[in-house]
Amino acid sequence: KKKLKISGRELLSVPRQVFGLDQLQVLEMSPERESCLRYRMELLPQEVGRLRNLTCLYVDSNNLKKIPAEIGTLSRLERLTLSNNSLSSLPAEMGALQRLRSLHLANNSLTEFPAPLCQLRSLTFLDVSDNKIDTIPSSIRHLEKLETLLLLFNSLESLPEDVCLLRNLHTLWLGNNRLRSLPTAFGELVNLDWGYNYCSGNFEGNPLESPPPEVCSRGPAGIRDYFSSLRRI
């Protein structure tokens, strides 16, 4: 792959020549923490849209406050890392990234689940942890290929029943939210490794009542039995 990694203690802006490298496939512009870079981008240059062959773009750990609409032209993009920035929204054009499989958005300033994400039908990995998201839209059901969904450290008070249609989910982290209950069809997430693989499930730090934490720890089967017993009462 044609790859470029931009780093350097004195770097204060992205060299414009970078955006003329139209055969570039991997572009890394994430300051390495150990290098104490002075350089932190606040705006991803709109010229990034010229890099039509990019498959991987790493711009985490900057000071990004905005993503340009031109990112929607990167039709070959498969991996995008935007974690540890200051993003409060995403452009609608991001919904055009139909090859995107992995998207990292942890530790930003999102107060709602960005609507364009629900159009990314190739996504298998999505991390929106450590934001301020309080609701998940029902349109999340369109992410049918999703295998990993990380939602911990947000402000979620509920989950839509539509989450239960994401049958390919193996890993779902819900810890440190405000959840009092799970959707009644939650037990349908039969591929979820809760109860088997400690790393796959995370629900601690929620005031869960229905089902209680000890039921959640038994995994989908235990949760399904819990809700079935409620219906029989």
Side-chain angles (χ1 to χ4, degrees), residues 83 89-90 94-95 98 100-233:
S83 296
S89 64
L90 297 175
M94 263 190 73
Q98 291 301 304
L100 197 64
R101 294 202 308 259
S102 177
L103 177 57
H104 299 247
L105 281 163
N107 190 25
N108 275 284
S109 302
L110 299 169
T111 56
E112 56 185 39
F113 192 91
L117 301 191
C118 295
Q119 300 171 38
L120 303 175
R121 294 174 183 263
S122 294
L123 269 192
T124 60
F125 178 98
L126 176 60
D127 184 1
V128 289
S129 302
D130 204 4
N131 280 281
K132 301 181 181 72
I133 297 169
D134 58 6
T135 54
I136 300 294
S138 60
S139 50
I140 197 168
R141 67 183 180 276
H142 297 310
L143 303 183
E144 295 176 359
K145 295 183 179 178
L146 206 57
E147 297 174 4
T148 298
L149 176 58
L150 308 183
L151 296 168
L152 60 166
F153 288 101
N154 276 286
S155 304
L156 295 171
E157 296 187 359
S158 65
L159 294 175
E161 287 284 343
D162 302 80
V163 164
C164 305
L165 298 173
L166 303 179
R167 302 292 168 82
N168 287 310
L169 272 185
H170 287 266
T171 301
L172 175 61
W173 287 6
L174 297 171
N176 295 90
N177 279 282
R178 300 172 185 170
L179 296 169
R180 293 190 176 277
S181 64
L182 295 178
T184 55
F186 199 86
E188 300 302 316
L189 295 174
V190 293
N191 289 312
L192 205 60
D193 291 337
W194 287 21
Y196 307 101
N197 177 356
Y198 178 77
C199 292
S200 79
N202 173 295
F203 48 83
E204 292 82 5
N206 285 287
L208 275 169
E209 298 170 358
S210 178
E214 60 269 22
V215 172
C216 292
S217 65
R218 295 178 204 150
I223 294 171
R224 189 165 58 248
D225 291 346
Y226 170 84
F227 283 118
S228 291
S229 67
L230 288 185
R231 284 194 292 271
R232 288 196 296 270
I233 293 175

- Check: S122 side chain, R101 main-chain N or O, donor-acceptor pair, under 3.5 Å: no

- Taking everything shown except Q98 itself, do over 12 heavy atoms lie less than 6.0 Å from its CD? yes

- Item | Validation row: S210, Y226 side chains within 4.5 angstrom (heavy atoms) | yes

- Check: L150 and F125 side chains under 4.5 Å, non-hydrogen atoms: yes

Under 3.5 Å donor-acceptor pairs involving side-chain atoms of residues 183-191, not counting sequence neighbours:
| unit_1 | atom_1 | unit_2 | atom_2 | d |
| --- | --- | --- | --- | --- |
| T184 | OG1 | E161 | OE2 | 3.0 |
| N191 | ND2 | R167 | O | 2.8 |

- Passes side-chain contact (heavy atoms from CB on, under 4.5 Å), L103 versus M94? Steps please. CA-CA 11 Å; L103 177 57; M94 263 190 73; 4.2 Å; yes

- Contact summary for L182 and C216, nearest pair of heavy atoms: CD1-SG, 3.8 Å

- Item | Exercise: identify the closest heavy-atom pair between L90 and P116 | O-CG, 4.3 Å

- Item | Test applied, side-chain contact (heavy atoms from CB on, under 4.5 Å); reference residue, L123; option that passes from L149, T148, L100 | L100

- Message: Before you tell me yes or no, could you show the steps for N168 and L146 under side-chain contact (heavy atoms from CB on, under 4.5 Å), namely the whole-Å CA-CA distance, both residues' side-chain angles and the distance that decides it to 0.1 Å?
- Response: CA-CA 6 Å; N168 287 310; L146 206 57; over 6 Å; no

- Note on the structure: Correct closest heavy-atom pair for F203 and N206 would be O-ND2, 3.0 Å

- Here the gap from L120 atom CG to S102 atom OG, rounded to the nearest 0.5 Å, amounts to 11.5 Å

List, one per line, each side-chain donor-acceptor pair under 3.5 Å for residues 174-181, sequence neighbours excluded.
| unit_1 | atom_1 | unit_2 | atom_2 | d |
| --- | --- | --- | --- | --- |
| N177 | OD1 | N154 | N | 3.2 |
| N177 | OD1 | S155 | N | 3.3 |
| N177 | OD1 | L156 | N | 3.0 |
| N177 | ND2 | L151 | O | 3.1 |
| N177 | ND2 | L174 | O | 2.9 |
| N177 | ND2 | G175 | O | 3.3 |
| R180 | NH1 | E209 | OE2 | 3.1 |

- Would you confirm whether N131, through its side chain, and L105, through its main-chain N or O, come within 3.5 Å as a donor-acceptor pair? yes

- Task: Give the minimum heavy-atom separation between R141 and D162, together with the two atoms involved.
- Result: CD-OD2, 3.4 Å

- Query: For residues 115-133, which residue pairs qualify under salt bridge (charged side-chain N to carboxylate O under 4.0 Å, His left out), counting only residues two or more places apart or in two chains?
  - Reply: none

- Message: So, taking the atom named OG1 in T135 and the one named CD in E112, what distance separates them when rounded to the nearest 0.5 Å?
- Response: 7.0 Å

- Begin from the C-alpha positions of S129 and L152 and carry the test side-chain contact (heavy atoms from CB on, under 4.5 Å) through to its verdict. CA-CA 5 Å; S129 302; L152 60 166; 3.0 Å; yes

- Query: Are the side chains of N108 and V128 in touch, meaning some heavy atoms are under 4.5 Å apart?
  - Reply: no

